[in-house]
*Asks:* 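This is the structure, below, for whatever I ask next.
Predicted model, so just to flag it, every value in this text is computed and none were measured. Heavy atoms only: backbone and side chains are in, while hydrogens, waters and symmetry mates are out.
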Amino acid sequence: QVQLVESGGGSVQSGGSLRLSCAVSGYTYSNYCMGWFRQGPGKEREGVAAIDSVGVTSYADSVKGRFTISRGNAKNTLYLQMNSLKPEDTAMYYCAADPTIEGLGVMCLARRPYNYWGQGTQVTVSS
């Protein structure tokens, strides 16, 4: 059974940093997309960053240069380093994973649907 568990959310002031983690278990696919998504108050869920099975990353324009997605050495942990946080980054953040036939590279960010989701971790940025 695939499980994704996020942690690392919290409250920070504008300009601060947070590092989100997603512990992945039961996921044995060789080719995949993994990503971070967020849903702010009154907003639709949006893709923030994604990484494919060979490490190609992609980012939403709103977070480029501020957020970095990465995987742990054992590839069972997904991270999102968030720097220079802004109030508009306030949202529930979710990690997600989806098996693919081949590496999709930057197409991972736009891929829908993702089949496996975590429960989310809240990020609140105050001005």
*Asks:* Determine, step by step, whether Ser53 and Tyr29 satisfy the side-chain contact (heavy atoms from CB on, under 4.5 Å) criterion, reporting the C-alpha distance in whole Å, the side-chain angles of both residues, the deciding distance to 0.1 Å, and the verdict.
*Replies:* CA-CA 9 Å; Ser53 45; Tyr29 301 101; over 6 Å; no
*Asks:* Under 30°, 30 to 60°, or over 60°: which ring-plane class applies to Tyr32 and Tyr27, parallel, tilted or perpendicular?
*Replies:*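 Tyr32 and Tyr27: perpendicular rings.
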*Asks:* How about Thr100 and Asp52: do any of their side-chain heavy atoms sit closer than 4.5 Å?
*Replies:*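 No, their side chains stay 4.5 Å or more apart.
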*Asks:* Quick one: closest heavy-atom pair of Tyr59 and Phe67, and the distance?
*Replies:*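 Here Tyr59 and Phe67 meet closest at CE2-O, 3.2 Å.
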*Asks:* Is any side-chain heavy atom of Arg38 closer than 4.5 Å to a side-chain heavy atom of Glu46?
*Replies:*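 They are in contact (side-chain heavy atoms under 4.5 Å apart), so the answer is yes.
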*Asks:* Report the C-alpha separation of Lys64 and Asp61 in whole Å, then their side-chain angles, then the decisive distance to 0.1 Å, and conclude whether the salt bridge (charged side-chain N to carboxylate O under 4.0 Å, His left out) test is met.
*Replies:* CA-CA 5 Å; Lys64 280 181 181 176; Asp61 288 343; 3.2 Å; yes
*Asks:* Applying side-chain contact (heavy atoms from CB on, under 4.5 Å) to Gln13 and Leu85, what does each step give before you reach the verdict?
*Replies:* CA-CA 8 Å; Gln13 290 191 327; Leu85 282 161; over 6 Å; no
*Asks:* Side chains of Val123 and Met82, heavy atoms from C-beta outward: is any pair under 4.5 Å?
*Replies:*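 Yes - at least one pair of side-chain heavy atoms lies under 4.5 Å apart.
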*Asks:* Between Gln39 and Phe37, is there a side-chain heavy-atom distance shorter than 4.5 Å?
*Replies:*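 Not touching, per the 4.5 Å side-chain cut-off.
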*Asks:* Do Cys95 and Tyr114 have side chains that approach each other closer than 4.5 Å (heavy atoms only, starting at C-beta)?
*Replies:*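 A side-chain contact under 4.5 Å is absent here.
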*Asks:* How many angstroms lie between atom CZ of Arg71 and atom OG1 of Thr77, to the nearest 0.5 angstrom?
*Replies:*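 Arg71 CZ to Thr77 OG1: 11.5 Å, rounded to 0.5 Å.
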*Asks:* Taking Asp98's backbone N and O only, do any of them form a donor-acceptor pair with Asn115's side chain (distance below 3.5 Å, no angle check)?
*Replies:*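 No.
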*Asks:* Taking side chain as C-beta onward, heavy atoms only, is Ser17 less than 4.5 Å from Gln81?
*Replies:*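 Contact flag for Ser17/Gln81 side chains = yes.
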*Asks:* Have a look at Ser14 and tell me which of Ser126, Ser84, Pro87 forms a side chain to side chain contact (heavy atoms under 4.5 Å, CB included) with it.
*Replies:*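 It is Pro87, the one option of Ser126, Ser84, Pro87 that forms the side chain to side chain contact (heavy atoms under 4.5 Å, CB included) with Ser14.
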